[in-house]
Amino acid sequence: MKNDQIAECFELLADLLEIQGANAFRVRAYRNAARTISSTAESISDFSTQGGDLTEFAGIGRDLAKQIQEIVSTGQHAQLEELKKQVPSGVLDMLRIPGVGPKKVAVFFNELHLTSLDELRAAAEAGVIARQKGFGKKTEEAILKNIQMATEASARISIAEARAAADGIVEDLLKLDGVKQASAAGSCRRRKETCGDLDILVSCDDSDVPMNALAAHPFVSEVLQQGDTKQRVRLKSGVELDLRVVPEESFGAALQYFTGSKEHNVVVRGLAKDLGLKVNEYGVFRGDQQIAGRTEQDVYAALGLPCFPPELRENRHEFALAAAGPLPKLVTLEDIQGDLHMHTTASDGMGTIAEMAEAAKARGLKYIAITDHSKRVSMANGLDASRLRQHWKEIEKVRESISGIEILCGIECDILEDATMDLPDDVLAEADWVIAVLHYGLKQPREQIMKRLMCAVTNPHVDIIGHPTGRLVGRREGADLNIVELLKAAADHRVMMEINAHPKRLDLDDIHAALAKEMGIPIVISTDSHTVNGFDVLTFGVDQARRAGLTCSDVANTRSLKDFRSLLK
DNA sequence: GCCGTTTTCGGCCCGACTGTTTTCAGTCG
């Protein structure tokens, strides 16, 4: 049983209890537990089966520990099954309609006996909704307008799309007369791998200036909401964006507040309360007096806290880190000296060896590894032993003709479904750099997946596991693997782990990368470039590493090539 | 339902916007 499956049970329970009017804090307890479980790297199921004390996890007490044991041992949750019988799934779908929450859904279900989005639509069209107490014509119209959005899965966008939109709009807002400061906030600023919506913060004396500009912005399709300080718009891409306008003396407090995460802010406010202070988006207050708010630094300093990098603000380890001393200095894009995963025209890349090397050099990289596919990946024109050896000779020629950048002869070698390597050991032994990867058979059972990964980790020539889980963000789950076991073996056999920087992969994810760091495994951030522009994605890999709390010393390719080589086995 | 050195009960972050009210509830972030 995967952690996400257990978390899903609790999320569902929370939704169902909410519709039934359960105590809001009880509902929150289920959501908190779901969040803890899905952000834990080790298998909760294994931990429970092996007799571990589940109450060690934050937000899980005696009762929820018992519920987890029930889910793990029986594969289901009796109370959840009971609630599901009482509340049809169509009722839960109603929660996805923007502007409709548990209270309204409760009215639809309990009083109007509506059990699906179709029935709700019919009721709204017949004018039944507007006649309910507390409802009116506008609510009914909003439901009809928004119900379509609930029918379509509300897709989150990748961090790459989010940054392109948010950074572009921020840049344009900064050009306006009267706009003093502007910044992206929210999950985009925290560099989460996907964003559900976008947040932008502006300081300006006249809120009409940025609001009118945003309403007319080429990215924007419609204005959904507009007040004195807050405007909500829908972008042409379908994503919604919140704009907040605050005075200059509150910009830092608002930036802190709207960057979140919600969980981080709950702790910040709790700490403020302990100090007899109040924190809101306008500042830190002692009584009615504002004592901080102009910058984020001021806000955190007023609470005795360091200014956390946004990537760490998830209430995972940041408060413990701050308590232990100065925050670690997280790795930055500028720290990266080499890129060790890329393709050329020899397999499925679009650039030649020389073109890729020149492009990397132009970006200030000091060394690269050319790592084309092995033969199993036939649709990508993967290389067999003889073509690979020929390819390496070509690389050596380019190496001699280009100065200012070192080029390693590498290979991205598939780990086959039968737990053998796609190329013989004597070939791998000749490589400067061997990335082992799973491409096929990702749905094999955990035992076989682990057997394959162990085959790679224990191979004396394998240097690193590339995109270890094989997941595609929002599109495909990774292979069912025991990450703790894999990382232990990697540490024992001096095999590194990749953070694949492509925004569709970002694999390892932040949680797994943090665990790898904890185990002392060197991590390499690689672009997996297939074109000369492919290096652009490096920034997303660095973001993911920062979310994992990684510093320069954790990331092997921040080192010079000489120092990097000393890490190889 | 969780949590705890102002503890085993009584808290649990806080404000903006909208719609339906005429002072507030629901939703959202």
Side-chain angles (χ1 to χ4, degrees), chain A residues 10 13-14 17-19 21-36 54-68 79 94-108 129-143 145-146 154 185-190 192 195-201 207 211 223-233 240-246 250 253-254 256-285 303 315:
Chain A
F10 286 159
L13 266 164
L17 288 169
E18 209 166 21
I19 290 171
N23 178 298
F25 295 109
R26 187 174 161 224
V27 172
R28 186 190 292 177
Y30 278 101
R31 293 201 200 286
N32 286 341
R35 195 177 158 276
T36 295
L54 290 162
T55 62
E56 284 172 14
F57 291 96
I60 294 174
R62 271 182 52 193
D63 193 82
L64 285 176
K66 269 176 69 180
Q67 295 187 35
I68 292 171
Q79 189 197 359
M94 298 176 189
L95 284 174
R96 297 209 308 269
I97 305 170
V100 173
K103 296 291 197 299
K104 289 198 175 91
V105 171
V107 173
F108 300 151
I129 304 296
R131 289 200 293 273
Q132 284 296 303
K133 186 176 183 319
F135 290 74
K137 203 70 208 159
K138 291 221 172 163
T139 307
E140 190 169 78
E141 283 165 9
I143 288 168
K145 183 160 176 269
N146 292 332
S154 61
S187 53
C188 180
R189 183 164 180 247
R190 299 200 313 279
K192 255 191 105 169
C195 299
D197 63 4
L198 302 175
D199 296 276
I200 288 179
L201 190 66
S207 64
M211 286 187 185
V223 176
L224 300 171
Q225 230 182 44
Q226 184 160 338
D228 293 337
T229 64
K230 178 182 165 184
Q231 182 186 37
R232 191 169 177 88
V233 301
E240 293 182 9
L241 181 150
D242 278 332
L243 175 74
R244 312 265 183 156
V245 186
V246 296
S250 296
Q256 192 284 324
Y257 179 71
F258 292 119
T259 296
S261 66
K262 196 170 67 183
E263 292 79 9
H264 174 88
N265 284 351
V266 166
V267 176
V268 167
R269 288 177 180 223
L271 291 171
K273 220 173 161 182
D274 294 344
L275 295 169
L277 303 171
K278 189 177 77 167
V279 180
N280 59 27
E281 56 260 58
Y282 298 107
V284 181
F285 293 85
L303 306 174
N315 188 24

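Here the structure is a predicted model, which means the values were calculated and not measured. Below, read A as the first sequence line, B as the second, and so on, with proteins coming before strands; counting in each chain starts at 1.
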Identify whether the distance between the nearest side-chain nitrogen and carboxylate oxygen of A:Asp197 and A:Arg232 falls below 4.0 Å. yes
Heavy-atom nearest pair, A:Arg190 first then A:Thr259, reads NH1-O, 2.7 Å
Mapping A:Gly270 and A:Val27 to their closest nucleotides on DNA chain B, which lands nearer the 5' end? A:Val27
Any base atoms under 4.0 Å from A:Asn265, or only sugar-phosphate, or nothing? Heavy atoms, all strands. nothing
Atom CZ of A:Phe108 to atom C1' of B:dG26: distance rounded to whole Å? 11 Å
Can you list the residues that meet the ring-ring contact (aromatic ring centres under 6.0 Å, His included) rule with A:Phe10, with sequence neighbours excluded? A:Tyr30
Roughly how many Å is it from CZ in A:Phe10 to P in B:dG1, rounded to a whole number? 10 Å
Which atoms of nucleotides 27-29 of chain B (N or O only) lie under 3.5 Å from a protein N or O atom, and what are those distances?
| unit_1 | atom_1 | unit_2 | atom_2 | d |
| --- | --- | --- | --- | --- |
| B:dT27 | OP1 | A:Gly101 | N | 2.7 |
| B:dT27 | OP1 | A:Gly101 | O | 3.0 |
| B:dT27 | OP1 | A:Lys104 | N | 2.9 |
| B:dT27 | OP2 | A:Lys103 | N | 3.1 |
| B:dT27 | O5' | A:Gly101 | N | 3.4 |
| B:dC28 | OP1 | A:Gly99 | N | 2.9 |
| B:dG29 | OP1 | A:Arg232 | NH2 | 3.1 |
| B:dG29 | N2 | A:Tyr257 | OH | 2.5 |

In terms of side-chain geometry, is the basic nitrogen of A:Glu141 or A:Lys138 positioned less than 4.0 Å from the acidic oxygen of its partner? no
If you measure from the P atom in B:dT27 to the same atom in B:dT21, how many Å do you get, rounded? 15 Å
Step-by-step side-chain contact (heavy atoms from CB on, under 4.5 Å) determination, A:Ile143 to A:Lys145: CA-CA 5 Å; A:Ile143 288 168; A:Lys145 183 160 176 269; over 6 Å; no
Of the listed B:dT20, B:dG1, B:dG15, the closest approach to the A:Lys138 side chain comes from B:dT20
Hits for ring-ring contact (aromatic ring centres under 6.0 Å, His included) against A:Tyr282, two or more places apart or cross-chain, chain-then-number order -> none
Separation of A:Asn32 atom CG from B:dC2 atom C1', in whole Å? 8 Å
Consider the side chain of A:Ala29, meaning its heavy atoms from C-beta on, and name the nucleotide among B:dC2, B:dA16, B:dT18 that approaches it most closely. B:dC2
Measure from CZ on A:Phe285 to P on B:dC13 and round the result to the nearest Å. 19 Å
At under 4.0 Å, does any side-chain N or O of A:Thr139 touch on OP1 or OP2 of B:dT18? no
Which one is paired to B:dT8, where only Watson-Crick or G-U wobble pairs with both distances under 3.5 angstrom count? none
Spacing of the P atoms in B:dG1 and B:dT5 (rounded, Å): 23 Å
Residue-phosphate contact under 4.0 Å: A:Asn280 side-chain N/O, B:dC14 OP1/OP2: no
Could you give the CD-to-P distance, from A:Gln231 to B:dT18, as a whole number of Å? 11 Å
Report, one line per pair, each donor and acceptor closer than 3.5 Å where one atom sits in a side chain of residues 56-66 of chain A; sequence neighbours left out.
| unit_1 | atom_1 | unit_2 | atom_2 | d |
| --- | --- | --- | --- | --- |
| A:Asp63 | OD2 | A:Gln67 | NE2 | 2.6 |

Between B:dG15, B:dG1, B:dC13, spot the one nearest the side chain of A:Asn23, thanks. B:dG1
I'd like to check the salt bridge (charged side-chain N to carboxylate O under 4.0 Å, His left out) partners of A:Arg35; sequence neighbours left out, ordered by chain and number. A:Glu263
Quick one: A:Asp228 CG to B:dA16 P, roughly how many Å, whole number? 10 Å
Using OP1 and OP2 only, check whether a side-chain N or O of A:Arg26 sits under 4.0 Å from B:dG1. yes
Results of salt bridge (charged side-chain N to carboxylate O under 4.0 Å, His left out) for A:Arg28 - residues two or more places apart only: none
Relative to the 5' end of DNA chain B, which residue comes earlier, A:Gly134 or A:Arg62, by the nucleotide with the nearest heavy atom? A:Arg62
Rounded to whole Å, please give me the gap between CD in A:Glu263 and P in B:dC14. 16 Å
Taking the minimum atom-to-atom distance to the side chain of A:Leu64, which one of B:dC17, B:dC13, B:dC2 wins? B:dC2
For atom P, what is the distance between B:dC13 and B:dT18, given to the nearest Å? 25 Å
Compare side-chain N and O positions of A:Arg28 against OP1 and OP2 of B:dC13 and report whether any pair is under 4.0 Å apart. yes
C1' gap between B:dT20 and B:dG26, integer Å: 11 Å
Between C1' of B:dC2 and CZ of A:Arg31, the distance in whole Å: 16 Å
When the C1' atoms of B:dG19 and B:dT23 are compared, how many Å lie between them, rounded to an integer? 13 Å
